[in-house]
Amino acid sequence: MALGPCVRPSIRASIRPCRGPTSYTGFPMIDLKHLREQPQRYKDGCAKKRINADIDRLLQLDEQRRALLTAMEARRAEQNRIAKESGPLIGKLAGAIKKASPEEAAKLQAELDELKSRPAALKAQITEMEGQLAAVEPELNAILLQVPLPPDDDVPVGSSSDDNKELKRWNPAWFDVSKSFEANKGFKPKTHIELVRDLGLADFERGVKMAGTRSYVLTGDGMRLHQAVLRYAMDHMIDRQGFKPMSVPVLVREEAMVGTGFFPAGREQAYHIAESQRIAADDPSGSGAKGYDLFLTGTGEVGLMGLHQGEILDEASLPRCYVTVSTCFRREAGAAGKDTAGLYRIHQFDKVEQVVICRADEAESRAWHQKMIGYVEAILQGLEIPYRLLQCCTGDLGPKNADMVDIESWMPGRGELDGDGRPRGAYGETHSASRLYDFQCRRLNMRYRAGGEGAGKGETTFCHSLNNTVLASPRFLVPLLEMYQNADGSVTIPAALRPYMGGKDRIG
RNA sequence: GGAGAGGUGGCAGAGUGGUUGAACGCGCUGGUCUCGAAAACCAGUAUACAGCUCGUCUGUAUCGGGGGUUCGAAUCCCCCCCUCUCCGCCA
């Protein structure tokens, strides 16, 4: 497995019509027409998100490209006209030559050659323009893939997570976050690292032995609790919210990563399986691509959103509400030295993820965002874990979202240390709810036909998409274990999880 | 991994060099008929991009993808991808 960022220019990013799932090649990305009309909006978007994309260069290349296209198409039209006109004549002449006397044949042959050579100049011009186009398009497409979706106007402008705005706090009656853990429960808390060690719930040494840093083994009730929270979350989404459960690939093609918007920006976060000896499509010797490399997904969102890539959905079938539980792989590049111990930041974990694909309607999109956040609140309240909602500022948004709300759970074993060298507790991110408009669906070429079933009726429109964590574990075991620990070192199992723990009510 | 078959419009399925963006059928939409529905009949029914005299306009591209041959390619040649069947292996 190659771990380095891979650069593969062969990905076909040109603007092409949709050809169905098996032959998917197109990434319309952001709406170039819209960008052409309102370049400032996209420039501002880049600035607010602190993402570099050369919009001016993009516009310049776009203009070059369109000028070339216009000129080239005019010549193609002329060539087609000539071919249509002279074709039958050529056939006739060729026939006549066979029957004619030698002198006549020579004359006819000259006529034939003249006819055949008529489009030669046009062909030469077209070939040249194709060359010029080939020089412009790769750069244009590369920039286009980097242009982020501008954040919504109501998203606070800021440079980092420090500028995020708290929207709401919730905690169960038995735990007041504004007071210390000891004031709440009458004893000093252990961190989850101490708890899993003392209760035998995880084995970090053996995990690291096998798989390196940030690896772990869940043992005994640790594994059982992990499964329990995932199952609890999954069942909540299926039984209470009516989401459709799916099992999706976690090993996917590059196209799925680009289409869902994780590439190119997040390429260094993904594990790359070098499966093929793929030759770049623009390799001069090359007869094209050979095989496909694969990538491990960092979230079930990739598989869920990739499902309908390249499809035109029936409007009546929207919204599509999907939930999956999948193993997620993240290289955590750039996070060296951060959260190096414990179950908080690890390379492999499991996550229940929800996505909604809906009509291209801002109000509907916004309404789903609120609902999807609400589902998570219901789960956290059901487990009685204190949490807060954070409105992420523009600088904390990724390229693909217009708006993002993080949900942070209270972790008594996190945060700065008190006088005794014990952590005071802190919120830690456990969920993230994104609203993407049609950014992702454009890249995935996922549309719906307005006006109902059947072909040939109504316009096609790119869908809107949203996603939100439902529950990620083992990270979620951090607040769970730390909040539910008892003075004697045992951990009470929350009532909601006991059915998934064989009726057991405590660990240790 | 070995062998074979095949990829054409929403579906099914013709087409092996020249008004073929593509027959026939199904589906879908509109209309006729009907109190209404069904049936029957008639008509229509892909996508994307570009252009302007922005029109139910013009042009270009698309028959798995890319490249080639040709005045002209769904059709011929090369490479790749994918699907299916049989055998082997396997959770």
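Sequence lines set the chain letters: A, B, ... in the order given, protein chains first and strands last, and positions in each chain run from 1.
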Notebook entry, point to check: How many Å lie between CD1 on A/Ile126 and C1' on B/rA61, as a whole number?
Noted result: 13 Å

Margin query: Taking only the C1' atom of each, what is the distance from B/rA39 to B/rG72 in whole angstrom?
Written below: 47 Å

Notebook entry, point to check: Is a side-chain donor or acceptor of A/Gln269 paired with a backbone partner of A/Arg330 at a separation under 3.5 angstrom?
Noted result: no

Check: Taking the six-membered ring of A/Tyr437, is NZ or CZ of A/Arg435 closer than 6.0 Å to its centre and within 45° of its axis?
Finding: yes

Next item on the list: Return no unless some side-chain N or O of A/Lys123 is found under 4.0 Å from OP1 or OP2 of B/rU70.
Entry: no

Check: Using a cut-off of less than 4.0 Å, is there contact between a side-chain N or O of A/Gln79 and OP1 or OP2 of B/rG72?
Finding: yes

Notebook entry, point to check: Can you tell me how far C1' in B/rG4 sits from the matching atom in B/rU8, rounded to whole Å?
Noted result: 22 Å

Notebook entry, point to check: B/rU47, B/rG59, B/rC49: which one has an atom nearest the side-chain heavy atoms of A/Ala77?
Noted result: B/rG59

Notebook entry, point to check: Quick one: A/Glu311 CD to B/rA48 C1', roughly how many Å, whole number?
Noted result: 18 Å

Next item on the list: Nearest whole angstrom, please: distance from the P of B/rA50 to the CD of A/Glu37.
Entry: 11 Å

Notebook entry, point to check: Distance check: side-chain N/O of A/Asn80 vs OP1/OP2 of B/rA61, anything under 4.0 Å?
Noted result: yes

Next item on the list: Take atom CZ of A/Phe462 and atom P of B/rA48, then tell me their distance rounded to the nearest Å.
Entry: 7 Å

Notebook entry, point to check: For A/Arg81 and B/rG72, is the shortest distance between a side-chain N/O and OP1 or OP2 below 4.0 Å?
Noted result: no

Checklist line | Any side-chain heavy-atom pair of A/Asp403 and A/His369 under 4.5 Å | finding: yes

Check: If the P atom of B/rU16 is compared with that of B/rU70, how far apart are they to the nearest Å?
Finding: 23 Å

Check: Once you round it to whole Å, what is the distance between C1' of B/rC71 and CZ of A/Arg75?
Finding: 18 Å

Margin query: For a quick test of reading the model: is some side-chain N or O of A/Arg66 closer than 4.0 Å to OP1 or OP2 of B/rG51?
Written below: yes

Note to self: I'd like to know if A/Arg36 pairs up with A/Glu63 as an ion pair, taking the criterion as any Lys NZ or Arg NE/NH1/NH2 lying under 4.0 Å from an Asp or Glu carboxylate oxygen.
What the structure shows: no

Margin query: Salt bridge check, A/Arg65 against A/Glu137: does any charged N sit closer than 4.0 Å to a carboxylate O?
Written below: yes

Notebook entry, point to check: A/Ile82 has an atom CD1; how far is it from atom C1' of B/rG72, in whole Å?
Noted result: 12 Å

Margin query: Let me check I have this right: for RNA chain B, each base becomes ., (, ), [, ] or |, based on Watson-Crick or G-U pairs with both distances under 3.5 Å. What is the full string?
Written below: ((((((((.[[...)..(......]]((((((.......))))))(((((((..).)))))).[[[[[..)....]]]]])))))))....

Notebook entry, point to check: Which whole-number value in Å describes the distance from A/Asp31 CG to B/rA50 P?
Noted result: 9 Å

Check: Within 45 degrees of the axis of the six-membered ring of A/Phe204 and under 6.0 Å from its centre: does A/Lys209 put its NZ or CZ there?
Finding: no

Item checked: A/Tyr232 vs A/Leu383 side-chain heavy atoms within contact, under 4.5 Å -> yes

Next item on the list: Could you check how far CD of A/Glu137 sits from C1' of B/rA61, rounded to whole Å?
Entry: 12 Å

Margin query: If you compare every side-chain N and O of A/Arg253 against the phosphate oxygens of B/rC82 (OP1, OP2), does one of them come in below 4.0 Å?
Written below: yes

Check: Looking at side-chain heavy atoms only, is the closest gap between A/Asp221 and A/Leu199 below 4.5 Å?
Finding: no

Margin query: Less than 4.0 angstrom between a side-chain N/O of A/Arg76 and OP1 or OP2 of B/rC49, yes or no?
Written below: no

